[in-house]
Number of protein chains: 2
Amino acid sequence: MAHRQDQQRRASIHDVASRAGVSAATVSKVMAGVTTVKPENAQRVLDAIEQLGYRVDPLASDMRRAKRRIIGAIMPEFESEFFGQMVTQLESLAEQRGYTLVAASSRESEARETEILARMHDWRVAGVVLAPVRNEHGPAADFMKANGMTGVLIDRVLSDDAFDTVSADSAAASAEVARELIGKGHRHILVVGLGEQAATVRARLDGFRTTALKLAPDVRIDVVLAETDVEPLRAQLRDYFDRVEGKGRGARPTAVYSLFLKGTLVALSEFRRRFWHCPNDISLVGFDDAEWMQVTWPAIAAVVQPVRQIAGHAMEALFARIEGGEGPPVARLEPCQVLMRESVGSPGNGPHPGNRQ
Amino acid sequence: MAHRQDQQRRASIHDVASRAGVSAATVSKVMAGVTTVKPENAQRVLDAIEQLGYRVDPLASDMRRAKRRIIGAIMPEFESEFFGQMVTQLESLAEQRGYTLVAASSRESEARETEILARMHDWRVAGVVLAPVRNEHGPAADFMKANGMTGVLIDRVLSDDAFDTVSADSAAASAEVARELIGKGHRHILVVGLGEQAATVRARLDGFRTTALKLAPDVRIDVVLAETDVEPLRAQLRDYFDRVEGKGRGARPTAVYSLFLKGTLVALSEFRRRFWHCPNDISLVGFDDAEWMQVTWPAIAAVVQPVRQIAGHAMEALFARIEGGEGPPVARLEPCQVLMRESVGSPGNGPHPGNRQ
DNA sequence: ATGAAAGCGCTAACAA
DNA sequence: TTGTTAGCGCTTTCAT
């Protein structure tokens, strides 16, 4: 017995036309809602469409119109809540405008990023939403520029001279984290980050440092910045803590601010290895929220990025350009929300007083 | 100053042809690696391609060949690690074969699922990898059948009479969880699930129950199954615990087995609300692993689904069908790994002995 | 070894 | 009001 034996050719516009006794052009007009078609014929066309289950082939249609209703989205990864939500949002916004979203992941590789972009260019996508691996000055943005592609840059970007950018207001959020930690009395804070994502991480670091120093000039801020990957960061963090512990009690920071999600995980796992508990032994705040952070004990404080706003404004900007909008690129920063949860306390409450209940 | 002023038309095959002084057909042949082209001409074509930066338009190409090198993937959501990894894998496997993956999320809605499928059919995708919202007997599978689409069903499926299926071996994994919990001495266990995903949840529940009862006929297994959504589950779980607590000490289960990820989160958050700590107050194992589970304190035991295997075999099966493979549908079950972490202990170790260190 | 012609499924001018 | 014509960019016979 044949698998998918009913694989008959789908009805084309000509099938509809001949069944309705009109030309293909007329069918096309009916589908486009052109009003100059004689009602009687329109009805015959509609009937034929219904009977044949006809639907336009969007690709063939785009082909002729020389404008494809496809938006490309390139994300560094699909595995995180942030980018997962981002893709979901973008998908839905593209659909609302009758476009299809084609998403691809660069897997944190700039080479792959450019490759994907080239493929999207081959597809002649109407526009691209690019969340660059590194920042707005990578090869991908250059490629887009060189090929006259329409696009918007999001997330790990600040501003660009060729493309609109939309990202979270990292600096403001970090300033708020600084206010919170300083306010609770922390005077020795470790900041953990990934240097590769230059622009954003720098904004977060500076935003934090500036405000912290303003509020408490005596604050000590240590920084552990891994260059490229997460595993080296784990090692560096371990070394760091070994070193400060070697200097005896009091040399250890009382709080950690992680500038990105994986850093938060690494910090937590390092705490675990040392049997430190939040917030008694050390406080923790992370940039980027995740569902699990509110159900662990203790719940982890986090900076929540406004995914919907970022997606919304990115698509708005993109479609404005697609529809011919001119003018200099605009750089948007969307405000974050800082959720201070139980992982943050005041220093000097003594080590691990055990579980309260 | 014009935005994207360099938006010149991209070079077409005809541009290459005229520059090389040959016909479009010849260019096409060169690109296809046909050997009958005079080397000299081939070289001229290659040069022209190089100079113009020519690349074929894959859509136009597919159009003519009447077979589009596009694979559709429909996932219930993008936000979870599991489906994120799945999409990443599928993307990479499709690429390896020169296909493009177009992923869409049904957002846990069967109506939307069918809608997306129809759109993919409009696109004339070569095949579809569908992770149904509910199970293999939904409207989406019917649609695929009715329209002679080629596809593979994954994840929330057991077997189907029309499509190949690939999923995790839920029953075997659950049996192993049962062995572990019974082995540790648990005799009163709560199982938490979502009834909607009928097939899979049933397999997990039965696999667990059967083995547990075999090993310890006196075991008491309570079940809290919400029908559709997570929030009702939260309420039901709260009620359940209120009820058993009302009956005094000893009426409370000593372990919880959650049949899906969100259930694990709900269980954890409920524990938190009651100031119960794992594993001293209660043990916890969840179906589905996540990165954070190994860094929390305690680390959460979990069933790890073999994402790569599922994706790999799904694509294998799909391409076999695309290439005309016949024969009855096959149902694959991929073995899971059960990671027993600190959230599981033995019952009766007394309540919250505080932090060891 | 090569190119002309036909056409995938559709739409946009233009004529009728 | 409608149909004819002419492609979009490509590939594939099929003559030459």
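Because the structure is predicted, anything quoted here is derived from the model rather than measured.
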Rounded to the nearest Å, what distance is computed from the [atom1] atom of residue [X] to the [atom2] atom of nucleotide [N]?
X      : N       : atom1 : atom2 : result
R10(B) : dC8(D)  : CZ    : P     : 16 Å
M63(B) : dC8(D)  : CE    : C1'   : 10 Å
I13(B) : dT12(D) : CD1   : P     : 11 Å
R9(B)  : dG9(D)  : CZ    : C1'   : 10 Å
D62(B) : dC8(D)  : CG    : P     : 19 Å
R69(A) : dC8(D)  : CZ    : C1'   : 13 Å
R64(B) : dC8(D)  : CZ    : C1'   : 14 Å

For the side-chain contact (heavy atoms from CB on, under 4.5 Å) test, which of D62(B), V125(B), I322(B) pairs with R69(B)?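 Among D62(B), V125(B), I322(B), the one that satisfies the side-chain contact (heavy atoms from CB on, under 4.5 Å) with R69(B) is D62(B).
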
Only counting residues at least two apart or in another chain, list the ones meeting side-chain contact (heavy atoms from CB on, under 4.5 Å) with [X].
X       : answer
D122(B) : R10(A), R55(A), P58(A)
D47(B)  : Q43(B), Q51(B)
E50(B)  : none
S167(A) : V157(A), L333(A)

Between I310(A) and E334(A), what is the shortest heavy-atom contact and its length?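 Residues I310(A) and E334(A), closest heavy atoms: CG1-CG, 3.9 Å.
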
Please round to 10 degrees the angle between the axis of the first five pairs and the axis of the last five pairs in the helix from dA1(C)-dT16(D) to dA16(C)-dT1(D).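 Computed angle between terminal axes is 50°.
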
DNA chain C-proximal residues of residues 39-57 of chain A, any heavy atom under 4.0 Å: Y54(A), R55(A), V56(A), D57(A)

All salt bridge (charged side-chain N to carboxylate O under 4.0 Å, His left out) counterparts of [X], not counting sequence neighbours:
X      : answer
D57(B) : R68(A), R124(A)
E91(B) : R112(A)
E77(B) : none

Strictly distance-based, threshold 3.5 Å: is any side-chain N or O of E113(A) a donor or acceptor partner for the main-chain N or O of V133(A)?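 Looks like yes, one N/O pair under 3.5 Å.
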
Under 3.5 Å donor-acceptor, N135(B) side chain and R156(B) backbone: no

Taking only heavy atoms on the protein side, list every residue of residues 21-38 of chain B lying under 4.0 Å from any atom of DNA chain D, sorted numerically. A25(B), S28(B)

First contact, last contact: which nucleotides of DNA chain C are these for chain A, 5' to 3', heavy-atom distance under 4.0 Å? dG9(C) to dA12(C)

Distance-only check: which donor-acceptor pairs under 3.5 Å involve side-chain atoms of residues 22-40 of chain A, not counting sequence neighbours?
| residue | atom | partner | partner atom | Å |
| --- | --- | --- | --- | --- |
| S23(A) | OG | A25(A) | N | 3.3 |
| S23(A) | OG | T26(A) | N | 3.4 |
| S23(A) | OG | T26(A) | OG1 | 3.3 |

Evaluate the side-chain proximity of L318(A) to L93(A): yes if any heavy-atom separation is below 4.5 Å, no if none is.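 Not in contact.
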
